[in-house]
S.K.: 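Please find one structure pasted underneath; my questions will follow.
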Number of protein chains: 2
Amino acid sequence: MAPDRNRRRIPDATVSRLPVYLRILSEQGDEGVDSISSERLAELAGVNAAKVRKDLSYLGSYGTRGVGYEVAYLVYQVRRELGLTHDWPVVIVGAGNLGQALAGYNGFGERGFPVAGIVDVDEHKVGTVMGGVRVRHIDELPQIVQTKRVNIGVIATPGGAAQDAADRLVKAGVTSILNFAPVVLSVPHGIETRKVDLAVELQILSYHEQRRSGGVAGAAVGSNPRTATA
Amino acid sequence: MAPDRNRRRIPDATVSRLPVYLRILSEQGDEGVDSISSERLAELAGVNAAKVRKDLSYLGSYGTRGVGYEVAYLVYQVRRELGLTHDWPVVIVGAGNLGQALAGYNGFGERGFPVAGIVDVDEHKVGTVMGGVRVRHIDELPQIVQTKRVNIGVIATPGGAAQDAADRLVKAGVTSILNFAPVVLSVPHGIETRKVDLAVELQILSYHEQRRSGGVAGAAVGSNPRTATA
DNA sequence: TGGGCTTTGTGAATGTGTGCACGAGTGCCT
DNA sequence: AGGCACTCGTGCACACATTCACAAAGCCCA
Ligand SMILES: NC(=O)c1ccc[n+]([C@@H]2O[C@H](COP(=O)([O-])OP(=O)(O)OC[C@H]3O[C@@H](n4cnc5c(N)ncnc54)[C@H](O)[C@@H]3O)[C@@H](O)[C@H]2O)c1
Ligand SMILES: NC(=O)c1ccc[n+]([C@@H]2O[C@H](COP(=O)([O-])OP(=O)(O)OC[C@H]3O[C@@H](n4cnc5c(N)ncnc54)[C@H](O)[C@@H]3O)[C@@H](O)[C@H]2O)c1
């Protein structure tokens, strides 16, 4: 019960950690663990225990002092908070290299995000089957979104086509977009977007490598810092 | 010449935006733009202009008041700061669905991260060619890392094998890891890791979708009345 | 029943990031 | 030469996030 609990805003940083807790809790549940302390959960999640407690406290007071959290109940609460009480079908735009890998990825559907469809502009790709889903023409996007009640779109087109893909998704009625193309999307207010940018991740790692090697510019490939800092 | 050749620490938030600025600057440069204001760069990057200026100020004072930043020079400085003055070969562990997509992805090498090798445990995959790179057995990992001077490893194995992959990478001498498996890796101190977790991204979107249906007034631009709670 | 042990939930302190506002340079025009 | 328009660089205040530290609350057992 306690329906009043609903208008709290959960900090972004917390929202981005909840899925991690959820995965760990589910795994622990599968392994027969039925109670877990913030200390243990923190260890498994690679974070500070106080952070875990504060994060979970935004959902409500679901722990028991002196004991910990009941795994099954907490899983339920986190899932509810994340809106995972039902499936969210997704539509993938771009049936290339990446789109193919995504379509063939079981972890998608398993976690409550079944692939409702995959579309492409390339006539050669339309009709082929990827990961059990038939590729359809991008003009069918609105129809897919409507009939399958899709709210989430995934962009896996080349960078140059990503904005067009986003525009089409929004027009079709999608309100959240996950973008794999290395482009900053411009979308109407109210549309949620997130990006996964491989180059950005690698370049961040590069920054730290460069820094580690005490290296400034000009550090040729000759000097290889195999330093195991322990 | 800048005499401040020091160990300035650039804030994480800034480091994660520099690659975005870099891409935009490179594109602008290719289009013949040779000077750009923080205002314009901010617009293209989808952030606040003051933030751009503050971010860039960590690199030094490379702008010209009243004018803006010289694109070519700024590209050079950002690249230098990110350690992109030379290539960083990467090794991919796991030649499955995703590993294949990654190996066949040109954007990798184009951006200075050539695939030095891809390894797998599956004997059936060893020897096959993906994206121009031959799959080798994981036991050859140390040899690849040593001879190709690889500092960055990419994990594209199933979750259950990810920690093992990480251990092997670290043992082989890799000091930075990009992890696509939905697992929290445990690595020795000094090893940098970043993760790309599809489920996390989708669940964050789910959170916002769920919240949207709860009816926070005045959020959307009145386009999509469809509150799917299928 | 009460005391000891454990672990939560949260105020308060500290650390990080953001955005405004404006002084300080710079280029251009008259 | 002087004034004006423009844009950088940054001090400052505020917002957000992390971590500490401890009282409150529950369990267990003698
Ligand atoms: N392949 C990877 O491992 C990888 C990794 C990270 C990021 N990315 C990014 O993901 C995106 C896709 O990469 P990829 O390797 O799959 O490329 P790809 O060229 O193999 O596939 C792109 C697909 O998009 C289709 N397409 C083009 N324009 C379209 C449009 N307007 N609407 C719908 N579909 C359209 C093409 O027909 C093609 O099938 C790129 O932006 C790339 O930078 C790829
Ligand atoms: N496919 C996707 O689109 C996608 C998207 C996001 C995340 N992921 C994640 O990426 C990872 C890989 O996904 P996938 O679809 O490519 O899986 P996959 O099963 O197709 O490929 C995994 C590969 O790893 C190899 N492998 C297993 N154990 C290994 C070990 N110890 N050392 C080296 N190689 C090993 C297997 O032989 C196989 O070739 C998974 O963790 C998955 O959750 C995949």
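This one's a predicted model, so the numbers in the text were calculated from it and none came from an experiment. Within every chain, numbering begins at 1; the chains are lettered A, B, ... in the order of the sequence lines, protein sequences first and strands thereafter.
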S.K.: Using whole Å, what does the distance between atom P of nucleotide dC8(D) and atom CG of Leu59(B) come to?
M.R.: 14 Å
S.K.: Step by step, work out the ring pair (Phe, Tyr, Trp, His ring centres under 6.0 Å) result for Tyr73(A) and Tyr62(A).
M.R.: CA-CA 8 Å; Tyr73(A) 187 53; Tyr62(A) 299 132; 5.4 Å; yes
S.K.: Could you measure the distance from the CG atom of Leu185(A) to the CG atom of Asp164(A)? Nearest 0.5 Å is fine.
M.R.: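 Rounded to the nearest 0.5 Å, the CG-CG separation comes out at 11.0 Å.
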S.K.: Rounded to the nearest 0.5 Å, how far does CG of Leu98(B) lie from CD1 of Ile92(B)?
M.R.: 8.5 Å
S.K.: Write down the distance between CD1 (Ile10(B)) and P (dT16(C)), rounded to a whole number of angstrom.
M.R.: 15 Å
S.K.: Tell me: CG of Leu56(A) to P of dT10(C), nearest whole Å?
M.R.: 12 Å
S.K.: What distance separates Leu59(A) CG from Tyr21(A) OH, expressed to the nearest 0.5 Å?
M.R.: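 Separation between the atoms: 10.0 Å.
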S.K.: Got a second to check how far Leu41(B)'s CG is from Arg53(B)'s CZ, nearest 0.5 Å?
M.R.: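 With rounding to 0.5 Å, CG (Leu41(B)) is 11.0 Å from CZ (Arg53(B)).
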S.K.: In whole angstroms, how far is the P atom of dT7(D) from the CG atom of Leu41(B)?
M.R.: 14 Å
S.K.: Give a yes/no on whether any side-chain N or O of Ser38(B) is located under 4.0 angstrom from OP1 or OP2 of dC8(D).
M.R.: yes
S.K.: Does a salt bridge link Asp197(B) with Arg194(B), judged by any charged N lying under 4.0 Å from a carboxylate O?
M.R.: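 Arg194(B) and Asp197(B): not salt-bridged.
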S.K.: Please enumerate all protein N or O atoms sitting under 3.5 Å from an N or O of nucleotides 15-17 of chain D, with distances to 0.1 Å.
M.R.:
none

S.K.: If I compare all heavy atoms of Thr175(B) with all of Glu209(A), which pair ends up nearest, and what's the gap?
M.R.: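 That would be OG1-OE2, 2.5 Å.
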S.K.: Heavy atom of residues 67-79 of chain A under 4.0 Å from DNA chain C: which residues?
M.R.: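 DNA chain C contact set from residues 67-79 of chain A: Val67(A), Gly68(A), Tyr69(A).
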S.K.: Is there a donor on the side chain of Lys54(A) or the base of dG9(C) sitting less than 3.5 Å from an acceptor on the other?
M.R.: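 Result: no qualifying N/O pair found.
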S.K.: Can you confirm whether more than 12 heavy atoms, excluding those of Gln163(B), are under 6.0 Å from its CD atom?
M.R.: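 Enclosed.
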S.K.: Kindly assign one of parallel, tilted or perpendicular to the pair Tyr105(B) and Phe108(B), based on the angle between their ring planes and the thresholds 30° and 60°.
M.R.: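 Aromatic pair Tyr105(B)/Phe108(B) classed perpendicular.
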S.K.: Measuring from the side chain of Arg53(A) (C-beta onward, heavy atoms only), which nucleotide among dC20(C), dC8(D), dT8(C) has the closest atom?
M.R.: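 Side chain of Arg53(A) sits closest to dT8(C).
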S.K.: Any donor-acceptor pair under 3.5 Å joining the side chain of Arg65(B) to the base of dT26(C)?
M.R.: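 No pair found.
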S.K.: Measure the distance from CG on Asp55(B) to P on dG19(C) and round it to the nearest whole Å.
M.R.: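 Going from Asp55(B) (CG) to dG19(C) (P), I get 11 Å.
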S.K.: For the helix from dT1(C)-dA30(D) to dT30(C)-dA1(D), what angle lies between the axis at the first five pairs and the axis at the last five pairs, to 10 degrees?
M.R.: 10°
S.K.: Say whether Thr14(A) and Asp55(A), considering side chains only, have a donor N or O and an acceptor N or O under 3.5 Å apart.
M.R.: yes
S.K.: Side chain of Arg79(A), backbone of Thr85(A): donor and acceptor closer than 3.5 Å?
M.R.: no
S.K.: Mind calculating the distance between CG (Asn48(A)) and P (dG9(C)) to the nearest angstrom?
M.R.: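 About 15 Å, once rounded to whole Å.
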S.K.: CZ of Arg40(A) versus C1' of dT8(C): gap in Å, rounded?
M.R.: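 Atom CZ in Arg40(A) sits about 18 Å away from atom C1' in dT8(C).
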S.K.: Is the backbone of Tyr207(B) close enough, under 3.5 Å, to the side chain of Arg212(B) for a donor and an acceptor to pair up by distance?
M.R.: no
S.K.: Ser57(B) has a side chain; which of dG9(D), dT7(C), dC8(D) sits nearest to it?
M.R.: dG9(D)
